[in-house]
Amino acid sequence: MHTRDLIGLMKNNNDIFPRHGRVIFMKNEPGYGRIEVKEAIENHELLRLLLVDDVRESAAIMEEGRHYELVFKYTKDFTIAFDKRPEIKNTLLLGGAGFSFPKYYISTFPDKHIDVVEFKPQMYQLAMQYFYLDELYADYNLTEDIRMEVFIEDANEYVKKTDRKYDLIINDCYISNRMDDDLLKDAQVKYIKKCLNPGGVYMMNLITAIKGAGSMQGILEYEILKRNFKNTDMFACKKEMKAMEKQNTILVGTDGEW
């Protein structure tokens, strides 16, 4: 039975599909927040969601054969980099959470490599247990074919000390709806740029409004990127939302063409 049919049945009997809304993991982490893994039907899809203090950190489609698809619009917008720069080979993702983007990346680009920096080891464990990361390792033999490497450490420290160079760096370091403030500072953007190959691309997900009182953080961060890169861009992920509403917004910085 397709998920669409199950939704129709649920309107008449909420017990037909008891997994809708089911919490399968929950833990309060002092200084971090309440971590939950739950299941829900949205837009005719059965999803597994990773939440911190009720804010969505990651998601996976539970239907067989679709575990590696991207769910959130802003993660899909990261793929614009590959449309503009198909020559990208090495990527760094700051903030792994449920590893939705690395799963898409590995399953889509057989000739590319990705490094993932995740601060909290439990996130990596949850991705393995509930978000099909173990399946990805098996399907693509990632224990031997090292196309993905995971670093459990603070992203600020990683960009300071690493000597690796990347064609694309994506910053998605969030705890609940709070981004790591240090990564937004001018000094850290300079460290991030140091990790880019010449003409490489830096992209970040920032929850901000485009205009109005809620846009201040976005404006400030965009100015930092303009000071550090020759070419910059900034666009809201959901065009249907009003400019004064806060939402996922992608900021881009590069010394190459964009």
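- With hydrogens and angles ignored, the 3.5 Å screen pairs a side-chain donor or acceptor of Asp154 with a backbone N or O of Asn156.
- One distance of note links CD of Glu221 with OG1 of Thr249; it measures 12.0 Å at 0.5 Å rounding.
- In this structure, Leu251 and Gly218 approach most closely via the heavy-atom pair CD2-O, 4.1 Å.
- To the nearest 0.5 Å, the span separating OG on Ser107 from CD on Glu69 amounts to 9.0 Å.
- Between the side chain of Glu118 and the backbone N or O of Gly96, at least one donor-acceptor pair lies under 3.5 Å.
- Cation-pi geometry between Lys112 and Tyr105 is not met at under 6.0 angstrom from the ring centre and within 45 degrees of the axis.
- At least one donor-acceptor pair closer than 3.5 Å links the side chain of Lys103 to the backbone N or O of Phe131.
- Among residue pairs with one or both ends in residues 196-218, those qualifying as side-chain hydrogen bond (donor to acceptor under 3.5 Å, both in side chains) are Asp167-Asn197, Asn171-Tyr202, Asp172-Asn205, Asn205-Asn248; sequence neighbours excluded.
- Across all non-hydrogen atoms, the minimal contact from Met203 to Phe78 is SD-O, 3.7 Å.
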(message) Determine whether Met128 and Tyr137 satisfy the following criterion, side chain to side chain contact (heavy atoms under 4.5 Å, CB included), listing intermediate values before the conclusion.
(response) CA-CA 9 Å; Met128 292 289 282; Tyr137 272 90; 3.9 Å; yes

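- Between His67 and Glu135, some side-chain heavy-atom pair lies under the 4.5 Å cut-off.
- Taking CD1 of Ile192 as the reference point, atom CG of Leu225 lies at 9.0 Å (rounded to 0.5 Å).
- Using a 4.5 Å heavy-atom cutoff, the side chains of Phe235 and Asp77 are in contact.
- Of the residues listed (Lys230, Lys193, Arg85, Lys84), the one engaging Thr254 in a side chain to side chain donor-acceptor pair (under 3.5 Å) is Arg85, and it is the only one.
- Proximity of Asp53 to Leu51: side-chain heavy atoms (C-beta onward) are nowhere separated by under 4.5 Å.
- Both Val52 and Phe25 belong to a single network of hydrophobic side chains, linked directly or stepwise wherever heavy atoms of I, L, V, M, F, W or Y lie under 4.5 Å apart.
- Between the side chains of Asp134 and Gln129, no donor-acceptor pair of N or O atoms lies under 3.5 Å.
- Looking only at atom types and distance, the side chain of Asp115 has a donor-acceptor partner in the side chain of Tyr166 under 3.5 Å away.
- Annotation for Ile146: hydrophobic cluster partners, listed by chain and number, are none (ILVMFWY side-chain heavy atoms under 4.5 Å, direct or chained).
- Transitive grouping of hydrophobic side chains (ILVMFWY, heavy atoms separated by less than 4.5 Å) keeps Leu220 and Ile224 in distinct clusters.
- A 4.5 Å side-chain heavy-atom check between Glu36 and Lys27 finds every atom pair outside the cut-off.
- Looking at Thr79, its side chain does come within 3.5 Å of a backbone N or O of Lys76 through a donor-acceptor pair.
- The residues Asp54 and Arg34 are annotated as salt-bridged, a charged nitrogen and a carboxylate oxygen being separated by less than 4.0 angstrom.
- Residues Asp255 and Asn231 have side chains that never bring a donor and an acceptor to within less than 3.5 angstrom of each other.
- Proximity of a side-chain donor or acceptor of Arg147 to a complementary backbone N or O of Ile114 within less than 3.5 Å is not detected.
- Distance alone, capped at 3.5 Å, is enough to place a donor-acceptor pair between the Tyr68 side chain and the Leu136 backbone.
- Connection of Leu94 to Phe229 is established within a shared hydrophobic cluster, with ILVMFWY side chains joined at heavy-atom distances below 4.5 Å, either directly or through further cluster members.
- Residues Lys194 and Lys160 fail the side-chain proximity criterion, which asks for heavy atoms closer than 4.5 Å.
- The aromatic ring centres of Phe99 and Tyr124 sit less than 6.0 Å apart.
- Using the six-membered ring where Trp is involved, Tyr104 and Phe109 have ring planes that are perpendicular, over 60° apart on the 30 and 60° scheme.
- For the atom pair Tyr130 OH and Glu39 CD, the distance stands at 10.0 Å (nearest 0.5 Å).
- At least one donor-acceptor pair closer than 3.5 Å links the side chain of Lys73 to the backbone N or O of Cys237.
- Rounding to the nearest 0.5 Å places CD1 of Ile170 at 9.0 Å from CG of Leu92.
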(request) Before giving the answer on side chain to side chain contact (heavy atoms under 4.5 Å, CB included), spell out for Lys185 and Val189 the whole-Å C-alpha distance, their side-chain angles and the decisive distance to 0.1 Å. (result) CA-CA 6 Å; Lys185 296 177 180 177; Val189 171; over 6 Å; no

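- We find the CD-CZ distance between Glu57 and Phe72 to be 9.0 Å, quoted to the nearest 0.5 Å.
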(message) Set out, in order, the CA-CA distance, both residues' side-chain angles and the distance that settles salt bridge (charged side-chain N to carboxylate O under 4.0 Å, His left out) for Glu29 and Lys120, then state yes or no.
(response) CA-CA 11 Å; Glu29 288 284 341; Lys120 197 160 187 64; 3.5 Å; yes

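- Put simply, Ile152 and Phe101 are part of the same group of oily side chains (I, L, V, M, F, W, Y) that touch within less than 4.5 Å, one to the next.
- Using modelled atom types and a 3.5 Å distance limit, the side chains of Trp258 and Asp233 yield a donor-acceptor pair.
- Using a 4.5 Å cut-off on side-chain heavy atoms (C-beta onward), Phe151 and Val116 make no contact.
- Using a 4.0 Å cut-off between a side-chain N of Lys or Arg and a carboxylate O of Asp or Glu, Glu63 and Arg48 do not qualify as a salt bridge.
- Of the charged side-chain nitrogens involved, none lies within less than 4.0 Å of a carboxylate oxygen, so that Glu64 and Arg66 do not count as a salt-bridged pair.
- Hydrophobic clustering, with ILVMFWY side chains joined whenever heavy atoms are under 4.5 angstrom apart, groups Ile250 together with Val71.
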(request) Could you check Thr232 against Val252 for side chain to side chain contact (heavy atoms under 4.5 Å, CB included), going step by step and ending with a plain yes or no? (result) CA-CA 5 Å; Thr232 55; Val252 181; over 6 Å; no

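- Residues satisfying the side-chain contact (heavy atoms from CB on, under 4.5 Å) test with Glu245, not counting sequence neighbours, are Met241, Lys242.
- With respect to the salt-bridge test (charged N to carboxylate O, under 4.0 angstrom), the residues Glu153 and Lys161 qualify.
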